[in-house]
Amino acid sequence: MPPQPLAMSSLAALREGYERFDPRAYLQNNYLPPRADFSSEEFVVPWKLRCLAETFASGEICGRTLIDVGSGPTIYQLLSACDHFEEIVATDYLAVNREELGRWARGEPGTFDWSPFIQHVCKIEGRGEPWQEKERRLRGRLRRILPIDVHRPDPLGAPLRPPADALLSAFCLEAVSPDLAAFARALAHAGSLLRPGGHALLLGALGESFYLAGAARLPVVPLAEDDVRAALAGAGFALRDFRSYAMPPALRTGVDDVDGVFFAHAQKPPEA
Ligand SMILES: C[S@@+](CC[C@H](N)C(=O)[O-])C[C@H]1O[C@@H](n2cnc3c(N)ncnc32)[C@H](O)[C@@H]1O
């Protein structure tokens, strides 16, 4: 067999790695204590939820459809978003993750318990909403759970019609890209799903080179804050807000080597 170009072979290796991705182990590593500890805003999960709650509280980001790119087996990232869109489209490359999300959306028993997350978001949103109502709203609005591959120029295999009013992606693009160039391309591909003038919200890992999900040890392209800013500018986005969080020593548990987390709010320019 002739030698493959580097980008091709490292993408193939990444895809092979994801065949061993274990949703349960991933959830346990990242969405149970110590990382998902709601007793203080110093922990990483409350920090992520606050970034999203504060950004959606402006009321500026709303519309018919929000697409979440690389949802994985998680829904925490959709809890503030779901109040502002008629439909939430979740996506993932792996069938195991799409199935896990589908089971949660249908309210089947034995799925991950997101209720502490929902309760916390209701608390910080401060509207006195019973958490079960938010849970019901998200389940009702999570109507499509689609396969996606951000390495394709058409990540869904066909254009999203109409394009999304907002795009969200959490910890996906850097975790599926062998290098910075692939990360920037993946961001541009995901951005093509968004309408002109639409908003993009990104959460992601800073300075991370790997993470574990059961038997899978997934490589991650280590990002600096400026890499994220440059990729957003390169994909044609205007940056509206950028925040970062340093991972405290107590949360460096060995399930990855992440240094911190970034949150970016960016906007696609309206059509001229
Ligand atoms: C680190 S997880 C992030 C999951 C979740 N969004 C979160 O916030 O925890 C990365 C996700 O990217 C998905 N993924 C892997 N390859 C992908 C690809 N080529 N395109 C889109 N998503 C991909 C994985 O299946 C996994 O669910």
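Remember, it's 1-based here, ligands and their atoms both numbered in the order they're listed. A quick note: this is a predicted structure, and the numbers were derived from the prediction, not measured.
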Does ligand 1 have any N/O pairs with the protein under 3.5 Å, and how far apart?
residue	atom	partner	partner atom	Å
ligand 1	6 (N)	G70	O	2.8
ligand 1	6 (N)	S71	O	3.2
ligand 1	6 (N)	A170	O	2.8
ligand 1	8 (O)	Y31	OH	3.4
ligand 1	8 (O)	Y76	OH	2.6
ligand 1	8 (O)	A170	O	3.3
ligand 1	9 (O)	Y26	OH	2.5
ligand 1	9 (O)	Y31	OH	2.6
ligand 1	19 (N)	D149	OD1	2.9
ligand 1	20 (N)	V150	N	3.0
ligand 1	25 (O)	D92	OD2	2.7
ligand 1	25 (O)	N97	ND2	3.3
ligand 1	27 (O)	D92	OD1	2.8
ligand 1	27 (O)	D92	OD2	3.4
ligand 1	27 (O)	N97	ND2	3.0

Between CG on residue D68 and CG on residue L78, distance to nearest 0.5 Å: 5.0 Å
Test: ring-ring contact (aromatic ring centres under 6.0 Å, His included). Region: residues 54-83. Which pairs qualify, not counting sequence neighbours? Y31-Y76, F56-H84
So that I can tick it off, tell me whether R243 and E54 are bridged by a salt bridge, with the cut-off set at under 4.0 angstrom between side-chain N and carboxylate O. yes
Check this for me, if you would: do D226 and R229 make a salt bridge, where the nitrogen-to-carboxylate-oxygen distance has to be below 4.0 angstrom? yes
Please tabulate, for the side chains in residues 17-24, all donor-acceptor contacts under 3.5 angstrom to protein atoms that are two or more places apart in sequence or on a different chain.
residue	atom	partner	partner atom	Å
Y18	OH	A175	O	2.6
Y18	OH	Y211	OH	2.7
D22	OD1	R24	N	3.0
D22	OD1	A25	N	3.3
R24	NH2	E100	OE2	2.9
R24	NH2	G110	O	3.3

Sorted by chain and residue number, the side-chain hydrogen bond (donor to acceptor under 3.5 Å, both in side chains) partners of R161 (sequence neighbours excluded) come out as none
